[in-house]
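Have a look at the structure below, then the notes.
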Amino acid sequence: TTEIYTLSLHDALPICFITLPGDLFRHNIQLAVIRLSENSLTWIPDNIFVPSAHGSLGMGSVAGRHERARTVGSGGIDINSKSIAVPAPSRLRELHLKHNKLRSFPYKSLGNASTLEVLTLGGNRITSLDVNRIRLPRLKQFDMNSNGLTKLTGPGLAKSMPSLEVVDFGENNLTRLPDDFLNNVSLTQANFGGNSLQKIPFAVSSMFIKTPHVLNMSGNPLDRKSVV
């Protein structure tokens with residue numbers, strides 16, 4: 001069978017997807033890029049990025065490859081001859097979900113997408129974000145632009161997204177940033193323009209003062225003494 005590496009169903013009118021099949025990876029564990037922007041998605045299935053058992057016994061650990069099961073007792077069914085294949089890890093690199101109707105961040109779904117490098121969620125309706133619940137160790141680009149976001153919680157992005165290079169929280173309704181939100185991440189670009197921020201945490205400003213990287217804070221009602 002032919003493996004699919006890229007799935008593009010963005011701007012799919014008149015079809016306009018409102019949800020995704022839970023077995024999206026069942027037959028395409030090589031899928032690396034998903035483009036589903038400009039649809040009407042309202043939620044993402046929790047287990048969508050968990051590939052089902054696929055292929056032969058070449059996957060997983062030695063113990064996993066040779067797991068066997070047997071039911072015993074009267075009327076029991078012997079399935080000892082069937083090995084349980086261990087699912088291969090997801091190879092997903094990019095997930096584009098801009099301009100849908102998501103009302104919450106898909107924490108559980110993305111818990112199974114540890115290989116993700118690009119995540120775009122701009123133009124949805126996600127009003128709060130708890131970075132404590134996110135673990136995306138390879139993520140390099142993160143877009144949360146234009147969500148009506150009012151609240152960021154968690155100590156910072158270093159633990160949840162340690163490889164992050166570009167982050168976009170522009171055009172939201174943020175009034176403050178956690179003091180250490182951008183500490184210990186190697187950002188080259190950060191956009192917080194078009195929010196309601198009055199102060200820039202020192203950890204944020206000092207990071208970009210010392211480097212030639214881009215920090216956009218335009219369109220915020222910043223105080224003249226905005227570095228705290």
Side-chain angles (χ1 to χ4, degrees), residues 44 46 49 89-98 102-228:
I44 308 297
D46 289 350
F49 301 123
S90 167
R91 290 172 171 80
L92 187 63
R93 297 291 183 271
E94 299 183 20
L95 178 60
H96 300 276
L97 295 169
K98 297 178 69 172
L102 300 174
R103 293 185 176 275
S104 61
F105 188 89
Y107 298 105
K108 290 184 179 180
S109 306
L110 295 181
N112 299 308
S114 60
T115 58
L116 202 61
E117 296 179 2
V118 178
L119 175 60
T120 63
L121 286 164
N124 281 281
R125 304 172 183 180
I126 303 170
T127 58
S128 64
L129 184 69
D130 182 1
V131 297
N132 281 324
R133 298 177 61 187
I134 303 172
R135 293 294 181 272
L136 295 172
R138 299 186 187 180
L139 195 69
K140 296 179 181 179
Q141 299 180 33
F142 183 37
D143 174 15
M144 285 289 293
N145 190 289
S146 302
N147 265 284
L149 191 66
T150 61
K151 187 178 182 181
L152 291 176
T153 56
L157 297 176
K159 186 175 182 180
S160 58
M161 308 175 195
S163 302
L164 198 61
E165 297 175 0
V166 178
V167 65
D168 188 351
F169 283 98
E171 307 302 326
N172 282 293
N173 296 316
L174 295 171
T175 58
R176 64 176 299 274
L177 298 177
D179 289 345
D180 297 327
F181 192 65
L182 300 182
N183 258 8
N184 300 316
V185 285
S186 301
L187 289 176
T188 59
Q189 298 180 42
N191 178 26
F192 290 95
N195 280 280
S196 299
L197 299 168
Q198 296 184 8
K199 296 181 178 180
I200 308 175
F202 179 77
V204 175
S205 60
S206 62
M207 174 194 305
F208 287 90
I209 288 172
K210 294 176 181 177
T211 66
H213 301 152
V214 178
L215 171 63
N216 179 23
M217 297 293 292
S218 64
N220 284 283
L222 296 172
D223 294 343
R224 290 184 177 182
K225 299 180 179 180
S226 59
V227 179
V228 297

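If you read the sequence from its start, that first residue is 1, and numbering goes on from there.
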Checklist entry - Which pair of non-hydrogen atoms, one from Ser109 and one from Ile44, has the smallest distance, and what is that distance? => result OG-O, 3.0 Å

Item to check | Residues in side chain to side chain contact (heavy atoms under 4.5 Å, CB included) contact with Thr153, at least two apart in sequence or another chain | outcome: Asp130, Lys151

Item to check | For Asp143, salt bridge (Lys or Arg N to Asp or Glu O under 4.0 Å) partners two or more places apart | outcome: Lys98

Item to check | Spatial distance of atom CG (Asn195) from atom OG (Ser218) [nearest 0.5 Å] | outcome: 10.0 Å

Checklist entry - Looking at side-chain heavy atoms only, is the closest gap between Val214 and Thr188 below 4.5 Å? => result no

Next on the checklist: Distance check, rounded to the nearest 0.5 Å: Leu102 atom CG versus Ser104 atom OG?
Outcome noted: 7.5 Å

Next on the checklist: Given 3.5 Å as the limit, does a donor-acceptor pair link the side chain of Ser163 with the main chain of Pro137, or not?
Outcome noted: yes

Checklist entry - Do side-chain atoms of Ser196 reach the backbone of Asn173 as a donor and acceptor pair under 3.5 angstrom? => result no

Next on the checklist: I'd like to check the side-chain hydrogen bond (donor to acceptor under 3.5 Å, both in side chains) partners of Thr120; sequence neighbours left out, ordered by chain and number.
Outcome noted: His96

Checklist outcome for this item: Scanning both residues in full, the closest heavy-atom pair of Asn147 with Ile126 reads OD1-N, 3.1 Å

Next on the checklist: For Val131 and Leu157: C-alpha separation, side-chain torsions, deciding distance, then whether side-chain contact (heavy atoms from CB on, under 4.5 Å) applies.
Outcome noted: CA-CA 7 Å; Val131 297; Leu157 297 176; 3.7 Å; yes

Item to check | Nearest non-hydrogen partners of Met161 and Val185, listed with the distance | outcome: O-CG1, 3.8 Å

Checklist entry - How long is the gap from CG on Asp179 to NZ on Lys199, to the nearest 0.5 Å? => result 10.5 Å

Next on the checklist: With rounding to the nearest 0.5 angstrom, report the CZ to CD distance, Arg138 to Glu117.
Outcome noted: 7.0 Å

Checklist outcome for this item: Heavy atoms of Asn220 and Phe192 approach each other most closely as ND2-O, 2.9 Å

Checklist outcome for this item: Of Leu139, Leu119, Leu129, Leu110, the one forming a side-chain contact (heavy atoms from CB on, under 4.5 Å) with Ile134 is Leu129

Checklist entry - Who are the ring pair (Phe, Tyr, Trp, His ring centres under 6.0 Å) partners of Phe105, not counting sequence neighbours? => result Tyr107

Item to check | Non-hydrogen atoms of Leu174 and Thr150 that approach each other most closely | outcome: CD2-C, 3.8 Å

Checklist entry - Are the side chain of Asp180 and the backbone N or O of Ala158 linked by a donor-acceptor pair below 3.5 Å? => result no

Next on the checklist: Less than 4.5 Å apart, side chain to side chain, heavy atoms only: is that true for Phe49 and Leu116?
Outcome noted: no

Checklist outcome for this item: In short, Arg176 meets Leu197 closest at the heavy-atom pair N-CD2, 3.3 Å

Checklist entry - Could you give all pairs that pass the ring pair (Phe, Tyr, Trp, His ring centres under 6.0 Å) test and reach residues 112-133, with sequence neighbours left out? => result none

Contacts table for residues 164-171: side-chain donor-acceptor under 3.5 angstrom, sequence neighbours left out:
from: Asp168; atom 1: OD1; to: Asn145; atom 2: ND2; distance (Å): 3.1
from: Asp168; atom 1: OD1; to: Gly170; atom 2: N; distance (Å): 2.9
from: Asp168; atom 1: OD1; to: Asn191; atom 2: ND2; distance (Å): 2.8
from: Asp168; atom 1: OD2; to: Asn145; atom 2: ND2; distance (Å): 3.3

Checklist entry - Is there side-chain contact between Arg93 and Thr115, with at least one heavy-atom pair below 4.5 Å? => result yes

Next on the checklist: Counting C-beta onward and ignoring hydrogens, is there a side-chain heavy-atom pair between Ser160 and Leu136 closer than 4.5 Å?
Outcome noted: no

